[in-house]
Amino acid sequence: MRIHVDMNRCESHGQCVFAAPDHFSFDEDDTLLVVGEVPEDEEVRAAVREAAASCPVRAVSLHTAESGA
């Protein structure tokens, strides 16, 4: 699974950071930083799915090898 963030849509609400802080954070300029590759661990993947779902502007999407994306 890979994380993609549409930075043109991202408004830095930070909901993803709260849901999955190991994969989302802000730098000192409040720019979102993302660890794009998600390990096979189901608990980690659940947190990342929650992070994507919690984005109020739907800037976060998840892609798997099976989806072809």
Checklist entry - Would L33 and L62 show up in the same hydrophobic cluster when neighbours are defined by side-chain heavy atoms closer than 4.5 Å? => result no

Checklist entry - When hydrophobic residues are tied together by side-chain contacts of less than 4.5 Å, even through go-betweens, does V57 share a cluster with V60? => result no

Item to check | Interatomic spacing from CE in M1 to CD in E40 - rounded to 0.5 Å | outcome: 9.0 Å

Checklist entry - Does atom CZ of F18 have more than 12 heavy-atom neighbours, drawn from other residues, nucleotides or ligands, at distances under 6.0 Å? => result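 Atom CZ in F18 is not packed in, count stays at 12 or less.
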
Checklist entry - Quick check: are there more than 12 heavy atoms from other residues, nucleotides or ligands sitting under 6.0 Å from CD of E43? => result no

Item to check | P21: partners by side-chain contact (heavy atoms from CB on, under 4.5 Å), with sequence neighbours left out | outcome: none

Item to check | side chain to side chain contact (heavy atoms under 4.5 Å, CB included) between F26 and V17, worked out | outcome: CA-CA 8 Å; F26 288 115; V17 176; 3.7 Å; yes

Item to check | Side chain H63, main chain R2, donor-acceptor under 3.5 Å | outcome: no

Ignoring hydrogens and angles, write down the donor-acceptor pairs under 3.5 Å from the side chains of residues 47-55, residues two or more places apart or on other chains.
residue : atom : partner : partner atom : Å
R49     : NH2  : E42     : OE2          : 2.2
S54     : OG   : E50     : O            : 3.3
S54     : OG   : A51     : O            : 2.9

Checklist entry - Can you list every side chain to side chain donor-acceptor pair (under 3.5 Å) pair that touches residues 7-19, not counting sequence neighbours? => result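 Residue pairs with at least one partner in residues 7-19: E11-H13.
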
Item to check | Nearest non-hydrogen partners of V5 and L32, listed with the distance | outcome: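 Answer, listing the atom of V5 first, then L32: CG1-CD2, 3.8 Å.
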
Checklist entry - Side-chain contact, heavy-atom cut-off 4.5 Å: H23 with V44? => result yes

Checklist entry - Is there side-chain contact between D22 and V35, with heavy atoms separated by less than 4.5 Å? => result no

